[in-house]
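This report concerns only the one structure given below.
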Number of protein chains: 2
Amino acid sequence: MTKLDRIDRRILAELQSDATISNLELAERVGLSPSPCSRRVRQLQERGLIDRTVTLLNRDKLDLTLTIYIQVHMANQLTKTLDNFELRVSEFDEVQECALVTGSDADYLLKVVMPDMAHYEKFLLKQLNQIDGVASIRTSFVLRQVLSRTELPLKHVN
Amino acid sequence: MTKLDRIDRRILAELQSDATISNLELAERVGLSPSPCSRRVRQLQERGLIDRTVTLLNRDKLDLTLTIYIQVHMANQLTKTLDNFELRVSEFDEVQECALVTGSDADYLLKVVMPDMAHYEKFLLKQLNQIDGVASIRTSFVLRQVLSRTELPLKHVN
DNA sequence: AAAATATTGGAATTATTCACCAATGACAAA
DNA sequence: TTTGTCATTGGTGAATAATTCCAATATTTT
C-alpha cells in the first residue's frame, strides 16, 4: 500500500464531486495527459480507494419527502439478537444507514426515507417493532436537511 | 411532470447501483436498444430525477476510521443563531450530514468522519463548541457500520 | 554520478456516444 | 374494425473518447 501523491488526491477530489467528466477533462484538470490519468484512476480502483461510482437520485422527485432518524434500543446484546436485527433491517430498502453506536449497551441508529407519515407508521409498527429484541424506539423527523455530502475529506490522508 | 414507466425505473435502479456501465450495457440490461436508452437517461436528468453521479471512496483507506453521530442542542431558536450555525457547520468538510430535527425546540443531528479521537476532540472543542448558540452536545460513536446505502427505494414511485 | 526503476506523453487501435431518420407500435375517433 | 395521429423505437454513420503500446523523460537508489 503506497502513498497518494498530489495528483492522486486531485483525481479523487474531482471524481468525488463529479464522476461524469471524461478522462480527457479529468486529465486536464489534474494537469496530466489522458493516458497516465486513466491509468491512475484504474490503479486507485485496484487499490481500493475508489469504492464505486453511483448516480444519486432526487428524493423529492421520487416522492420520498420524509427523512427520519430512529434510535433503537435493544432489550439484550446477544449476538443472535443483534445479528437477526441487522439482517432484518438490511432487507428494508427504505433504510439508508444503520449503525451500532455507543450510548447504552445496544443502540442502533437508523436513517430511513419515506413518502409520508402513513408509510412511516406502517413501517414502525408492522416492520421495525416486529423484530425480536427491539425494546424501545425514539424517532426524530428531519425538519430541514441542512447538508448531505458524499465527499470525504482528503486533507487527513498520508 | 410525467410518470415513470417500468423501463425508467429499471434505468434508475441500474445507475443507482453502478454508474460506470456503458450505455450499451445499460440498454441491454433494461431491454432496449442503445439510442432510446441514452435518450431516456438524458430525459431523466432534464426532469431532475437524476441529481448527480459521483464516486464513493473507501473511508478506511483514507484513514477515516471514526464515524460519529452528534446531537447538538441549541440555546435558542433565533433565525440568526440557526443560520450562523448551519453556515459554520457546512464549512467543515468532515461533516457528512447535518439536519435540523424534531425533538426539542432546536436540535441538530450531525454525522462526521474523523481519523481518530485526537482529531475528534479538537473538532469538538475548537470548532463545534465555539459556534454561537450551541448549548449542549451529545456524541455517539459508531461501533459497527451495519449498512450504508445511497440507493433510494423506487417502489413508492407513481 | 550512474544505474535501475517508475512514470509520462503521443500515435494508433478499439470502443462508445450522439444525432438523424425511417419504421414500428400505441391510442383515439369514427 | 379502420384510419389518422402521436410518441417511441432501432439502426446507421460521424464524431468523440478510451485504451494499449512504446519510446522518452523523470525519479529514486546505490
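Here is how names work: the chains are called A, B, and so on, in the same order as the sequence lines, proteins then strands, and each is numbered from 1.
Rounded to whole Å, the distance from CD1 on Ile7(B) to P on dG25(C) is 14 Å. Arg6(A) has its CZ atom 16 Å from the P atom of dA26(D), to the nearest Å. One interatomic measurement links the two molecules: CG of Leu44(A) to C1' of dT7(C), which rounds to 14 Å at whole-angstrom precision. Atom CG in Asn23(A) sits about 5 Å away from atom P in dA18(D), given to the nearest Å. Counting to the nearest Å, the P atom of dT20(D) and the CD atom of Gln43(A) are 12 Å from each other. As a whole-Å value, the separation of Glu25(B) CD from dT16(C) P is 10 Å. Going from atom CZ of Arg42(B) over to atom C1' of dC18(C) covers 9 Å, rounded to whole Å. Rounded to whole angstrom, the span from the CD atom of Glu28(B) across to the P atom of dG11(D) amounts to 13 Å.
When the nucleotides dG10(D), dT17(C), dT8(C) are ranked by their closest atom to the side chain of Pro36(B), dG10(D) comes out on top. Here the nucleotide nearest the side chain of Ser33(A), chosen from dT9(D), dT19(D), dG9(C), is dG9(C).
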Restricting both atoms to N or O, compile the protein contacts to nucleotides 11-15 of chain C shorter than 3.5 Å, with distance only.
none

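Leu24(B) comes within contact range of at least one nucleobase, with a heavy-atom separation under 4.0 Å.
Salt bridge absent: Asp8(A) and Lys3(A) never bring a charged side-chain N and a carboxylate O closer than 4.0 Å. Between Glu14(B) and Arg10(B), none of the side-chain N atoms (NZ, or NE/NH1/NH2) sits under 4.0 Å from a carboxylate O, so this pair counts as no salt bridge.
Between the CG atom of Asp51(A) and the CG atom of Leu44(A) there is a distance of 13.0 Å, given to the nearest 0.5 Å. The CG atom of Asp5(B) lies 4.0 Å from the CZ atom of Arg40(B); values are rounded to the nearest 0.5 Å. With rounding to the nearest 0.5 Å, the separation of CD in Gln71(B) from CD1 in Ile137(B) is 11.0 Å.
When the nearest nucleotides of DNA chain D are assigned to Leu32(B) and Pro34(A) by heavy-atom distance, the more 5′-ward of the two goes with Leu32(B).
In this structure, Asn58(A) and Leu49(B) have side chains that are not in contact, with every pair of non-hydrogen atoms separated by 4.5 Å or more.
Under a 3.5 Å cut-off, the side chain of Thr102(A) and the backbone N or O of Phe141(B) do form a donor-acceptor pair.
Side-chain N/O atoms of Arg40(B) include one lying less than 4.0 angstrom from OP1 or OP2 on dT9(D).
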